[in-house]
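Values reported hereafter were calculated over all heavy atoms of this structure, with side chains retained and with hydrogens, waters and symmetry mates removed. We name chains A, B, ... by the order of the sequence lines, and we start the count at 1 in each one.
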Number of protein chains: 2
Amino acid sequence: MHKVAAAAGVSPMTVSNTFRYPARVQEETRQRVREIAAKLGYIPNHAAGNLASGQSRVIGAVIPSIKNSSFYKYVRGMQDTASEQGYELVLKLADTLEQETAAIQTFLGLRVAGIALVGDQHEDVAIDLMRKTGVPVVESWVHDNPFDLAVGYSTVAATRAMVDLLLDAGRERIGFIGYAGAVSHRFTERVPAFQERLVAKGLRSDLLYLVDEADGFGAGPKALEGLCKLDPKLDAVLCPTDIVAAGVLFECGRRGWKVPDRLAIAGWGDYEIASETTPGLTTLQPHAYEMGQESMNMIIKRVAGKKPRGKVVDTGFHIVKRASV
Amino acid sequence: MHKVAAAAGVSPMTVSNTFRYPARVQEETRQRVREIAAKLGYIPNHAAGNLASGQSRVIGAVIPSIKNSSFYKYVRGMQDTASEQGYELVLKLADTLEQETAAIQTFLGLRVAGIALVGDQHEDVAIDLMRKTGVPVVESWVHDNPFDLAVGYSTVAATRAMVDLLLDAGRERIGFIGYAGAVSHRFTERVPAFQERLVAKGLRSDLLYLVDEADGFGAGPKALEGLCKLDPKLDAVLCPTDIVAAGVLFECGRRGWKVPDRLAIAGWGDYEIASETTPGLTTLQPHAYEMGQESMNMIIKRVAGKKPRGKVVDTGFHIVKRASV
DNA sequence: TCAGATAATTGTAGCGCTACAAATCCTGTT
DNA sequence: AACAGGATTTGTAGCGCTACAATTATCTGA
């Protein structure tokens with residue numbers, strides 16, 4: 001900074017202002033400083049700025065997995081919104097709670113302005129740390145009991161809507177594929193919501209099968225086999241993700257089963273593959289992009305002191321009807 | 001830090017050493033400091049440490065897209081390797097060169113220890129900045145002309161291998177699906193490599209079709225239609241990604257074409273879907289995880305001054321044979 | 001017991017930047 | 001010409017931490 005200042009014949013403070021508060025600096029001066037900075041390859045040191053001002057324009061997001069497209073739109077929404085408002089989004093991947101905690105610690109060490117998390121299950125250490133440091137935190141894909149801020153949709157309402165859709169289609173032996181590794185309400189909440197509807201209609205509500213991973217195609221065939229053992233006349237399945245649904249669909253192809261005549265298949269997440277299979281997959285669209293946008297908006301407003309703690313935003317969902325149901 | 005020091009009855013320097021150089025501090029003291037730090041929710045301020053030491057344990061990676069699984073293993077490889085060696089990996093998404101430049105600027109502002117990029121096409125501004133600041137930079141998925149460090153495999157050799165595979169399978173009217181938005185050698189290099197083999201055999205080498213996006217299923221049907229217009233007797237296609245290949249496969253299903261009898265389909269990337277379709281997709285496995293590992297190793301060695309500039313590592317590839325060819 | 005060596009701890013200074021207050025420069029008035 | 005009042009610019013101090021040198025504690029063997 002000093003070199004730039006010297007080269008431009010101004011004080012270091014003017015250089016600082018040029019980048020932080022351009023309005024404070026005269027057009028002409030600003031231009032000159034910018035030019036010289038560019039020529040010298042000068043980039044303001046965020047770390048030092050952060051230290052001096054106690055503020056940061058960096059927001060950290062912890063993402064469970066990029067193995068599939070489920071979080072793509074969510075991340076895009078965050079990225080777009082953050083950069084629109086002059087913030088920077090950096091990502092860390094974490095597939096387990098331990099990794100999430102490590103990621104949170106890294107972000108805390110970086111003194112980010114805020115943290116975006118997925119889900120409401122976190123290690124105690126992490127919760128403790130976030131509480132003690134007081135960083136703004138937004139949890140997404142969840143609907144209630146926010147740690148600080150939350151944005152999501154109601155999994156329960158969505159599950160009910162999906163089951164109703166299958167019932168309306170005249171299905172009576174509906175199977176449910178769950179995610180065994182689920183530490184999150186996002187997955188576990190679905191079971192009771194699923195059963196409640198069937199019980200009300202006097203139908204079997206015990207056609208449940210848990211798979212190890214929610215993102216693999218391979219889970220589909222396994223689950224279908226498991227469910228068929230419980231009821232060979234199974235006529236519909238509700239899947240945890242479109243990937244699993246596609247796996248089931250491929251398996252139906254191998255078995256020569258017509259979809260949806262022999263089996264109706266409902267997916268979840270509106271992944272790209274849902275629109276590309278034949279038949280297309282009926283699925284639940286979780287408004288991921290909007291969730292990403294809103295999560296950044298909440299964090300940024302919180303940084304500005306405009307949002308109270310404990311705030312929840314419901315971004316809703318809608319069902320995309322295709323031929324598989 | 002001072003609060004922790006006071007609470008533990010030691011000097012701030014001892015607290016600093018406890019975290020940075022545990023070996024320098026007596027077991028007993030270290031333990032006490034750690035406990036009190038945990039109780040107080042103290043996390044060392046990376047920004048300040050970075051500033052004081054002029055060093056950083058954070059490495060930034062710019063990733064083109066998380067829309068599909070193509071980069072999943074690559075990121076995992078980076079993440080695992082970085083954390084094994086005590087570094088932190090943070091990610092930024094960038095789908096365009098402008099976004100990449102912005103991401104690089106952010107990382108530079110954060111004063112990261114190194115930067116990992118995908119491909120060898122970058123904006124001049126970005127190149128200039130990286131050169132002037134002298135950060136270690138590793139480009140991956142590319143094989144030559146490194147800006148600093150590079151790790152990848154030979155797209156040319158891989159294309160040749162794929163074409164040979166189709167020729168060995170007795171195909172004579174082979175179509176090539178390319179990626180129109182390709183700014184990178186990764187995609188453009190393939191065309192001449194593709195043609196060279198066919199010309200040598202005296203076969204048509206003009207069955208080319210460019211699609212807008214390499215990651216969408218939808219590109220498959222479009223490309224197939226385009227290629228069939230050029231040659232209705234097309235008997236094989238080489239796709240830019242498994243996603244496109246799956247799109248072609250689905251389209252064959254709609255048309256009632258048997259794969260590989262009527263049309264052989266070769267994918268690229270060994271995405272998960274390649275093993276789950278029926279028939280399975282023959283594809284090219286780019287050793288992405290190893291690429292991620294090696295890219296971090298190179299950066300970290302470079303930080304330690306052990307690697308010279310201009311170093312390239314070839315992580316190779318191999319062909320996964322399945323039923324589609 | 002004590003010099004001499006090693007281990008453990010501790011001040012000091014300063015990393016690059018920004019908040020804040022103070023100083024300087026302009027303009028248009030009177 | 002003098003001056004109020006705003007626009008610009010500029011010192012000063014300090015953010016939280018670490019390199020480095022200096023200090024103090026502890027141990028060794030004769």
Side-chain angles (χ1 to χ4, degrees), chain A residues 1-34 36-37 40-58 86 88 105-113 132-135, chain B residues 1-34 36-37 40-58 86 88 105-113 132-135:
Chain A
M1 197 172 82
H2 282 79
K3 282 183 194 167
V4 175
V10 296
S11 76
M13 239 357 266
T14 300
V15 177
S16 172
N17 283 331
T18 302
F19 289 97
R20 293 264 313 165
Y21 304 101
R24 286 188 190 165
V25 180
Q26 210 180 339
E27 173 70 31
E28 191 191 352
T29 317
R30 199 192 315 158
Q31 211 109 57
R32 188 153 37 93
V33 171
R34 280 246 160 82
I36 291 180
L40 264 46
Y42 168 76
I43 292 190
N45 186 333
H46 258 73
N50 182 339
L51 188 58
S53 70
Q55 295 187 334
S56 167
R57 307 292 280 180
V58 176
E88 294 290 347
Q105 281 173 325
T106 302
F107 283 147
L108 254 18
L110 250 21
R111 297 293 189 273
V112 294
K132 277 178 181 154
T133 55
V135 255
Chain B
M1 196 171 84
H2 282 79
K3 281 184 194 166
V4 175
V10 295
S11 76
M13 242 353 269
T14 299
V15 177
S16 172
N17 283 331
T18 302
F19 289 97
R20 293 262 315 165
Y21 304 101
R24 286 188 191 166
V25 180
Q26 211 181 338
E27 173 70 32
E28 192 190 351
T29 317
R30 198 192 318 158
Q31 211 109 56
R32 188 154 34 94
V33 171
R34 280 247 161 82
I36 290 179
L40 263 48
Y42 168 75
I43 292 191
N45 185 334
H46 258 73
N50 181 341
L51 188 59
S53 71
Q55 296 186 334
S56 167
R57 308 291 282 179
V58 176
E88 296 290 348
Q105 280 173 326
T106 302
F107 283 147
L108 254 17
L110 249 20
R111 297 293 188 272
V112 294
K132 277 177 180 152
T133 55
V135 254

Straight-line distance of L108(A) CG to K132(A) NZ, nearest 0.5 Å: 12.0 Å
Distance (rounded to the nearest 0.5 Å) between N50(B) CG and H46(A) NE2: 12.0 Å
Rounded interatomic separation in angstrom, taking CG from L51(B) and P from dA13(C): 18 Å
Members of residues 20-30 of chain B that approach DNA chain C, where some heavy atom sits under 4.0 Å away: R24(B), V25(B), Q26(B), T29(B)
Phosphate OP1/OP2 of dC17(D) contacted by S16(B) side-chain N/O (<4.0 Å): no
Touch class at under 4.0 angstrom, heavy-atom based, for G54(A) against every strand present: nothing
Nearest-Å distance for atom pair CD/C1', residues Q55(A) and dC15(D): 12 Å
Nearest to side-chain heavy atoms of S53(A), which nucleotide of dT18(C), dC17(C), dC17(D): dT18(C)
Rounded distance (Å) that lies between atom C1' of dC20(C) and atom CG of N17(A): 11 Å
Min side-chain heavy-atom separation R111(B)-T133(B) under 4.5 Å: no
Sugar-phosphate only, base, or nothing, as touched by N50(B) at under 4.0 Å among non-hydrogen atoms: nothing
Sugar-phosphate, base or nothing in reach of Y42(B), heavy atoms under 4.0 Å: sugar-phosphate
N45(B) CG - dG16(D) P separation (whole Å): 8 Å
In a table with atom names and distances, give each donor-acceptor pair under 3.5 Å that connects a side chain of residues 2-13 of chain A to protein atoms at least two apart or in another chain.
residue : atom : partner : partner atom : Å
S11(A)  : OG   : M13(A)  : N            : 3.4
S11(A)  : OG   : T14(A)  : N            : 3.4
S11(A)  : OG   : T14(A)  : OG1          : 3.4

Sorted by number, the residues of residues 4-14 of chain B with heavy-atom contact under 4.0 Å to DNA chain C: V10(B), S11(B), M13(B), T14(B)
A52(B) side chain, from C-beta outward: closest of dT10(C), dG16(C), dC17(D): dC17(D)
Charged tip of R34(A) within 45° of Y42(A) ring normal and under 6.0 Å: no
